[in-house]
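Below is one structure, written out as structure tokens; comments come after it.
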Amino acid sequence: MSSVNLFDSLEHQQDVGSRRYRVLQKLALNRIIDAVFFFPRSYEDHSEIKPIAELRDRDEASVVGEICDYELLERGYRKSAFYLHIKQENHVLRGIWFNQPYRAAKVAIGKRVMLSGTVKMSTARPEMMHPKLTFVESDEPPLSGSILPVYRLTEGIKQPEMRRLIRRMVQDHVVQVEEIFTESYRSEKELMGIKEALLQIHLPENRDSIEPARKRFVYQELLTLQLAINLRRLQVAAEEKAPRLSTDSKIDSHIKSYFPFRLTEAQNRVMGEVAKDMNLAVPMNRMLHGDVGCGKTCVAVYALMLAVANGHQGVLMAPTETLARQHFRNLQALLAGTQVKVGILTGTLSSRDKREILGAMKSGDVGIVVGTQALVQNGLEFAKLGLVIVDEQHRFGVRQRAQLRQKEMTPHYLVMTATPIPRTVGMTLFGDLNVSVLDELPPQRQAVNTYLCDSHQKEKWWEFMRKKLQEGRQAYVIAPLVDGDRLVDDDSTTGGNHPCDNVEETFENLVNGEFAEFQCDLVHGRQTSEEKESAMIRFSEGKTQVLVATTVVEVGVDVPNATLMTILSANRFGLAQLHQLRGRVGRGAHAGFVGLFADEDSEDGNRRLEHVVETQDGFELAELDFQLRGPGDLFGTKQHGMPPLFVADLQRDFELLVSARQDAQKILEADPQLNSSDFAILKKRVMNRYGAALDISDVG
Ligand code: ADP
Ligand code: MG
């Protein structure tokens, strides 16, 4: 038996000194077990490696050789061809890439690379169009017939070293890894054993042995998640009681009479769904989904009024102070002729005002309270809280939800979001919510005209904006906030070495140039919330004409006079996100205009952006995003307080997601607390991973 334990630090393992250990820690590799479960990002397939001399037309092949020549031909604006020659003795293969000029900066004569792709025999020599290019470490001979794992790296460690380290950790310690599923469960579900799967993931025998190994971990990960979600759902149903808030046709039409316009079909339908849930003694747990401008606020108002009509109180939470104020103003205007009292509670209230509203909540004097996150901090007391609504959901997690639970009664709960969610993401992140969809825009909404502009049209665009500003309109200018190679407000990278616009620089340039004659302000995530708030308020009151901002303005802001938007480095953003941004303009009597500018050399980005010009459908754009960039860009799981998925790929693994979901439900039907010894280790995983995030308590 080895005396080394899986949970021992990597620090004193062979070849790992304290310097190397610090590098590994940057990748969250602290203990041996972390290395064993550090899965490859991809694989280098050396099993199809062929000598150039043996290539034939239409072969799928990989070729390793030394770069002997390269050339970049630029053919006018944004058009280029890059040629790369690699050689083996006197045979040459040519790789060709169109419109990827940046490749030229990354190669050098004499470097060893592997080109993988489809062979085309031209008269002079074999060629590959847009092959995959991999740099091959020179101390590593191409191992014909083998598949090498490719790991995520960080500065201070190279691929061959990482491979050696992980290989040794896996080979020496995999025997100690505990199986999670019973023998019979594994054979029923055709799951590879955990030790075998770890070996095949890191040291695959051949191309076909990777997928079953990966599948095992994907299933495990998704089952764990689905168990967690369903455990929570069962717990809520068993333990939490909500007040029945009933309705009838009289109450219904009375509430609806407050709206100064005809409700859309979709609004009526969703109001019905909400009313049905609120009429039950179990807490409603519903998500309302609808594109920007489809009128979600009306549904919120309807539900709040329903609570009030039943002698209960309702709360509407917004992600920012600006939005809270906006809702407060709207509600006050709408309910001006009624007895219903509306209050506001935000972080910036004076302590006297705060005391007053807190008192009114406790005594029941106030029926509807609008607020920000300040609402959920430290023990709030309500006389009779019946409903909690969260607008633009992504900043509130399950934890905050739990904090508003009252002693005996759990309020009904509704979250509203304009961020469209593909089905798979919804099933994972929001598996415990029912979903309503508002799929209809109110009539006579102003169209937003979207233009994809070339950088040489920028002068003209600024001129157009100046003209509209002089007519009295207001404008947003959106750009990323850059820090090194990260976008600060977006959680994504700037995407390598392309130049990228920066919001602070943009502001300086505009104030001292194009927009010198106008009042301009700057908003980004590095400012204090007071700075952000006051800039937003000045803008919404019309004191500033131009707001230069990052995507912090994305959520819900409604300034009808703002009809212009310029988005710089637009290729850096997700399509759904651009659509959300665009939803900020065209909200009033005047049509909206959006100009998208991509980074200079972003050919791919441009093609993506055309979708935003072509369609006004946020759901379609979200699906496209999901196909093009994966779910990460739609939803930072971090914002939900949910741990990220490590192995599962929600697009690729949809079928496994569905079966994991069914299996989780079946398992819990038979064993609602997961107390059987068969599931002991699995339960431990579920609790460790999701117990805190989902507020699941362990009764067992
Ligand atoms: P969102 O779903 O983006 O939160 P809002 O609730 O802010 O949308 O509504 C957008 C605008 O449309 C508001 O100015 C609102 O008053 C208006 N609106 C909502 N429903 C209707 C309707 N049925 N008919 C006309 N205008 C409506
Ligand atoms: Mg809204």
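When a ligand or atom number is given, it counts from 1 through the structure's own listing order.
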Any idea which atoms of ligand 1 are less than 4.0 Å away from a heavy-atom of [X]?
| X | result |
| --- | --- |
| Cys298 | 19 (C), 20 (N) |
| Thr264 | 23 (N) |
| Thr297 | 4 (O), 5 (P), 6 (O), 7 (O) |
| Leu263 | 23 (N) |
| Arg262 | 22 (C), 23 (N), 24 (N) |

Open item on the list: Looking at Asn571 and Asp599, would you say the former's side chain and the latter's main chain have a donor-acceptor pair under 3.5 Å?
Closed with: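 Between the backbone of Asp599 and the side chain of Asn571 there is a qualifying donor-acceptor contact (under 3.5 Å).
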Open item on the list: Using only atom types and a distance under 3.5 Å, with no angle test, would you say the side chain of Gln474 pairs donor to acceptor with the backbone of Phe539?
Closed with: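 Pair found, side chain donor or acceptor close to backbone of Phe539.
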Task: Flag side-chain contact, heavy atom, 4.5 Å: Val340 against Met305 - done: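 Side chain of Val340 against side chain of Met305, heavy atoms only: contact under 4.5 Å found.
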TODO: Please name all residues satisfying ring-ring contact (aromatic ring centres under 6.0 Å, His included) with Phe593, sequence neighbours left out, ordered by chain then number.
DONE: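 Phe464.
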Task: Partner of Thr247 under side-chain contact (heavy atoms from CB on, under 4.5 Å), chosen from Val274, Asn310, Asp252, Ile255 - done: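 That would be Asp252; it is the only one of Val274, Asn310, Asp252, Ile255 passing the side-chain contact (heavy atoms from CB on, under 4.5 Å) with Thr247.
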TODO: May I ask you to check if ligand 1 and Pro442 share an N or O to N or O distance below 3.5 Å?
DONE: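 Among all N and O atoms of Pro442, none is under 3.5 Å from an N or O of ligand 1.
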- [ ] Just go through Arg584, Met416, Gln267, His289 and tell me whose heavy atom is the nearest to atom 20 (N) of ligand 1.
- [x]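 Selected option, by shortest heavy-atom distance: Gln267.
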TODO: Taking salt bridge (Lys or Arg N to Asp or Glu O under 4.0 Å) as the test, write out the residues that go with Lys543, two or more places apart.
DONE: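 Counting only residues at least two positions away or on another chain, Lys543 forms a salt bridge (Lys or Arg N to Asp or Glu O under 4.0 Å) with Glu541.
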Open item on the list: Can you tell me if Gly290 contacts ligand 1 (heavy atom of the residue under 4.0 Å from the ligand)?
Closed with: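 No, Gly290 has no heavy atom closer than 4.0 Å to ligand 1.
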